[in-house]
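Structure record follows, encoded as C-alpha cells.
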Amino acid sequence: MAQYTPTLNPPKTLIPKLSNPNPSFSSFSTFTIPKPKSINFPKFSISVTAAQNQQHHQQPPSLEALINSDRKEEVLGVIKSSSSHCLSETNLHLTVPGLKSKTRGKVRDVYDSGDYLVMVTTDRQSAFDRILASIPFKGQVLNETSLWWFDKTRHITSNAVVSAPDENVTIAKKCSVFPVEFVVRGFVTGSTDTSLWTVYKNGVRNYCGNVLPDGLVKSQKLPANILTPTTKAADHDVPVTPDEIIERGLMTQAEYDEVSRKALSLFEYGQCVALEHGLILVDTKYEFGKGQDGSILLIDEVHTPDSSRYWIAHTYEERFQNGLEPENVDKEFLRLWFKDHCNPYKDEVLPDAPEELVCELAWRYIFLYETITKSKFKLPSTEEPIHDRISRNVAQALSSLTR
C-alpha cells in the first residue's frame with residue numbers, strides 16, 4: 001500500500017481524508033481484533049493519601065472550592081468584564097513580517113514562519129467537531145498548562161517547543177505529524193459519539209484492539225490504562241486498531257511501538273501528578289510528529305482541560321459506589337448542555353451558550369491550572385488589545401530567532 005505522507009503540523013481538523021476510511025462503530029466487526037483474554041475488573045479503591053499529606057499540608061481540591069470561594073469571586077468578576085474581548089480569531093500573517101501562511105484549526109491558528117511554526121491558542125471552544133463558543137482566557141490557560149506539562153515530561157519524551165513569547169503563543173519546531181491521535185483512557189466514561197462509555201453501552205466490546213468484558217458501568221476504572229487511537233475521516237474522529245495503523249501506512253511498526261510506549265508513560269505520569277494534587281486524570285489525547293532529524297517529538301498540547309478529563313479524587317469512590325457522576329473539572333457540563341438543547345452533530349445552527357456557563361467554564365479552566373501547577377493564574381491586562389500584544393511579541397521573538 002502507498003505510504004501516507006503527512007504534512008507539516010496540520011491542525012487536527014485539516015488532516016486529509018484517507019482512502020478506505022475506517023468503518024463506523026456499527027460495523028466494528030470488520031476490524032482485526034486480537035483474541036480476547038480473560039479480564040477481571042477489581043473493585044476500584046483510590047487512595048488520596050498523597051493528596052492529603054502533601055508538603056505544607058495543602059488541602060485537596062473540593063467541589064466547594066470549585067463552586068464557592070473567594071478566588072472564584074475574584075476571577076469571575078474579571079471573566080465577566082472580559083467576555084467581549086475574547087481572542088476568537090487571529091490574523092498574524094497580516095501584522096507580523098515573515099509569516100507566510102495561516103492554517104485555522106478548531107482552537108489553534110498556526111502560522112508558517114519558514115524555519116518554525118507559530119501556534120496561537122485562541123479562546124475558541126470546540127466539541128462535537130464544532131465551535132460552540134469563545135471562553136475568556138481559555139487560550140492563555142491552555143497554552144500555559146501545556147508549557148508546564150511539556151517541561152515536566154521531558155524525562156519521558158522530547159517535544160517540539162522552541163519558545164513561548166506570549167501567554168497565548170508557542171513557537172515550535174516543524175515536524176511531520178503522524179495522522180493518528182493517541183487517546184489514552186483509564187475509565188469508562190464520556191458523552192460524545194466517540195467516548196468509551198457511548199460506544200460500550202451501544203454494544204461495542206472490541207474497541208481499537210482492546211477487548212472489553214460485559215458488565216462495565218459508567219465511571220468505572222479500567223484495570224489498566226488502554227490506548228484507543230483515532231484518525232480522521234470527514235472531520236470526525238474514527239477509531240483505528242494498531243494493525244490498521246500499520247497496514248494503512250500511517251506509521252511504521254517501530255514508530256507505533258515507540259509512540260504508544262511514550263503515550264502510556266505520559267498518561268501514567270500525568271495520573272500520578274494529578275493525584276498528588278487531588279485530581280484524577282481520567283483520559284486524554286496526545287499527538288506526535290517526527291522532527292527534521294528523525295526524532296519523535298510530542299506536539300500540540302498536554303493534559304489540558306481541552307484534551308483531558310479530570311475528576312476530583314477524594315469524592316470519586318463514594319460517588320461511584322452510589323451511582324453518582326464524579327465531580328468533574330472539565331468541559332463535560334457544556335457538552336451536556338448542548339446535547340440537551342440541540343443535536344450538536346446535525347443541527348446547522350447551534351444555540352448560543354448561556355453566559356453563566358461560559359463564565360463557569362472559564363473559571364474551571366483557571367481552577368484546574370492553579371490546582372495542577374500550584375501557581376496563580378496571571379489575569380492579562382486589557383489595556384492593550386490582545387491581538388496587538390501577540391503581534392508585537394511574536395515579531396520580536398522571530399527577529400531574535402533569525403539573527
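When reading the values below, keep in mind they use all heavy atoms of this one structure, side chains included, and skip hydrogens, waters and symmetry mates.
Salt bridge annotation for Arg130-Asp347: absent, with no cationic side-chain nitrogen under 4.0 angstrom from a carboxylate oxygen. Between Glu332 and Arg335 a salt bridge is recorded (basic side-chain N to carboxylate O distance below 4.0 Å). Taking the charged nitrogens against the carboxylate oxygens, Glu360 and Lys72 do have a contact shorter than 4.0 Å, which makes a salt bridge. Electrostatic pairing of Glu384 and Arg392 counts as a salt bridge here, judged by a charged N lying under 4.0 Å from a carboxylate O. Ion pairing between Lys218 and Glu325 holds under the 4.0 Å rule for side-chain N and carboxylate O.
Atom CD of Glu268 sits in a sparse spot, with 12 or fewer heavy atoms from other residues, nucleotides or ligands closer than 6.0 Å. For Asp352, the CG atom is loosely surrounded, since the number of other residues' heavy atoms within 6.0 Å does not exceed 12. Atom NZ of Lys102 is surrounded by more than 12 heavy atoms from other residues, nucleotides or ligands within 6.0 Å.
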Steps toward ring pair (Phe, Tyr, Trp, His ring centres under 6.0 Å) verdict (Tyr286, Phe182): CA-CA 5 Å; Tyr286 305 106; Phe182 280 75; 8.6 Å; no

Between Ile226 and Leu196, is a side chain to side chain contact (heavy atoms under 4.5 Å, CB included) present by the stated rule, with each step listed? CA-CA 11 Å; Ile226 62 172; Leu196 186 54; 4.2 Å; yes

How far apart are the C-alpha atoms of Ser295 and Asp293, what are their side-chain angles, what is the distance that settles it, and do they pass the side-chain hydrogen bond (donor to acceptor under 3.5 Å, both in side chains) test? CA-CA 6 Å; Ser295 61; Asp293 62 356; 2.7 Å; yes

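We find the CD1-CG distance between Ile135 and Leu361 to be 4.5 Å, quoted to the nearest 0.5 Å. Atom NE2 of His85 and atom CD1 of Ile386 lie 11.0 Å apart (nearest 0.5 Å).
Between Phe377 and Phe137, the ring planes lie tilted relative to each other; the angle falls in the 30° to 60° range. Aromatic ring orientation, Tyr316 versus Phe320: parallel (interplanar angle below 30°, classes split at 30° and 60°).
For the pair Arg364 and Phe333, the distance from NZ or CZ to the six-membered ring centre is under 6.0 Å and the angle to the ring normal is within 45 degrees.
A donor atom on one side chain and an acceptor atom on the other are not found under 3.5 Å apart for Asp330 and Ser308.
Here the side chains of Thr230 and Val240 are not in contact, with every heavy-atom distance at 4.5 Å or above.
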